[in-house]
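In each ligand, atom 1 is the first atom listed, and ligand 1 is the first ligand listed. Since we're looking at a predicted model, the values are computed, not measured.
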Amino acid sequence: MPFYVPWTDDLDLDAFLAFHRTAWADWQPGKWTLNLIAFLDGKPIGSQDVGAQSFATTREVATGSWLGAPYQGQGLGTEQRAAVLELAFSGLGAKAAVSGSFAHNVKSQRVSEKLGYRKLGTRTMQSRGEPGEHYDYRLDRGDWRSPVHIELLGLERALPLFGVA
Ligand SMILES: CC(C)(COP(=O)(O)OP(=O)(O)OC[C@H]1O[C@@H](n2cnc3c(N)ncnc32)[C@H](O)[C@@H]1OP(=O)(O)O)[C@@H](O)C(=O)NCCC(=O)NCCS
């Protein structure tokens, strides 16, 4: 359980759907979170979010990832993070992407390192009410090279929704 909010401890479908619907309902160009679902062979296997506040000004996004346990460790987490990074950098004109993980979460750290992020530092965050060592990562646009081919389709009409003129 690597999250600040331990949502995988007690996964409830209604709460899961409500979370996604609320993200749509609360969407504003100045504050948005795009919660995407990753599919493998037509089956949902995980989620990948990318979000920003005041993106038009900051040009900075933050991401979060989760893959079902049977699908971890096969390169899929790297692919799904790369997909939203390509959306952010090439599609939306982001200048930087940030991410973070608890110190014990080596898979997440490895994904960040493989994709070119720099480790910024360490701080203490809480999970399940306990303190944990947490690493912050940042990827600047100049360091971004996607390891997989990614095609962005139909984005142009949606750009104003992201605060991009
Ligand atoms: C984090 C997560 C999204 C990564 O996705 P993934 O598909 O498992 O990751 P990948 O297979 O693309 O890459 C994992 C990397 O970690 C490496 N790795 C795995 N276990 C490791 C270990 N114990 N020590 C060191 N490296 C390890 C793998 O070898 C791989 O690196 P490589 O390609 O250089 O060999 C996924 O594991 C997940 O959903 N975990 C649970 C939820 C979570 O932690 N979310 C992120 C919260 S910050």
| Is Gly100 near ligand 1, meaning one of its heavy atoms is under 4.0 Å from it? | yes
| Modelled atom types, side-chain donor and acceptor of Glu86 and Ser146, under 3.5 Å | no
| note | Checking heavy-atom distances from atom 33 (O) of ligand 1 to each of Lys114, Arg110, Gln109, the winner is Lys114
| query | In terms of residue, atom name and distance, what is the protein heavy atom nearest to atom 12 (O) of ligand 1? | reply | Thr78 OG1, 2.4 Å
| Please state which protein non-hydrogen atom is closest to atom 3 (C) of ligand 1 and give its distance, to 0.1 Å? | Ser65 CB, 3.7 Å
| Heavy-atom nearest option to atom 40 (N) of ligand 1, drawn from Arg81, His104, Gln72, Glu79 | Gln72
| With a cut-off of 4.0 Å, which atoms of ligand 1 are near a heavy atom of Pro2? | 42 (C), 43 (C), 44 (O)
| query | Any protein heavy atom under 4.0 Å from atom 29 (O) of ligand 1? | reply | no
| Gly75 neighbourhood, listing ligand 1 atoms whose heavy-atom distance to it stays under 4.0 Å | 10 (P), 11 (O), 12 (O)
| message | For Leu161, is there any backbone N or O sitting under 3.5 Å from a side-chain donor or acceptor partner on Trp27? | response | yes
| Which ligand 1 atoms does Leu76 reach within 4.0 Å, using its non-hydrogen atoms? | 7 (O), 12 (O)
| remark: For Gln74, the ligand 1 atoms with a heavy-atom partner under 4.0 Å come out as 11 (O)
| note | Exactly one candidate in Lys95, Arg59, Arg118 meets salt bridge (charged side-chain N to carboxylate O under 4.0 Å, His left out) with Asp140; the answer is Arg118
| message | Treating Gln48 as the side-chain partner and Gly64 as the backbone partner, does any N or O pair qualify as donor plus acceptor under 3.5 Å? | response | yes
| query | What are the atoms of ligand 1, with element, lying closer than 4.0 Å to any heavy atom of Asn105? | reply | 43 (C), 44 (O), 46 (C), 47 (C), 48 (S)
| Considering only heavy atoms of Trp66, which atoms of ligand 1 have at least one such atom less than 4.0 Å away? | 39 (O), 42 (C)
| Distance from atom 21 (C) of ligand 1 to nearest protein heavy atom, with residue and atom | Val106 CG2, 3.8 Å
| query | Is the backbone N or O of Leu67 less than 3.5 Å from a side-chain atom of Gln72, with the two atoms forming a donor-acceptor pair by type? | reply | yes
| task | Taking the six-membered ring for Trp and the single ring otherwise, decide whether the centroids of Trp24 and Phe19 are under 6.0 Å apart. | result | no
| message | Regarding Arg128 and Tyr4, do their side chains bring together a donor and an acceptor under 3.5 Å, going by distance alone? | response | no
| request: Could you pull out, from Gly77, Pro147, Gly73, the option with a heavy atom nearest to atom 8 (O) of ligand 1? | output: Gly73
| note | among protein heavy atoms, the one nearest atom 4 (C) of ligand 1 is Val111 CG2, 3.8 Å
| Step-by-step salt bridge (Lys or Arg N to Asp or Glu O under 4.0 Å) determination, Arg123 to Glu133 | CA-CA 6 Å; Arg123 58 186 157 138; Glu133 191 182 12; over 6 Å; no
| request: Could you find the nearest protein heavy atom to atom 39 (O) of ligand 1 and give me its residue, atom name and distance? | output: Leu67 N, 2.7 Å
| request: Quick one: pull up CH2 in Trp66 and OG1 in Thr8 and give me the separation to the nearest 0.5 Å. | output: 8.0 Å
| Protein non-hydrogen atom below 4.0 angstrom of atom 48 (S) of ligand 1 present | yes
| message | Does the plane of the ring in Tyr137 sit parallel, tilted or perpendicular to the ring in Tyr135? Use 30° and 60° as the thresholds. | response | perpendicular
| request: May I ask whether Phe3 places a heavy atom under 4.0 Å from ligand 1? | output: yes
| field | Identity and distance of the protein heavy atom lying nearest atom 19 (C) of ligand 1 | value | Lys107 CG, 3.4 Å
| request: Please determine, by modelled atom types, if Arg81 and Ser112 share a side-chain donor-acceptor pair under 3.5 angstrom. | output: yes
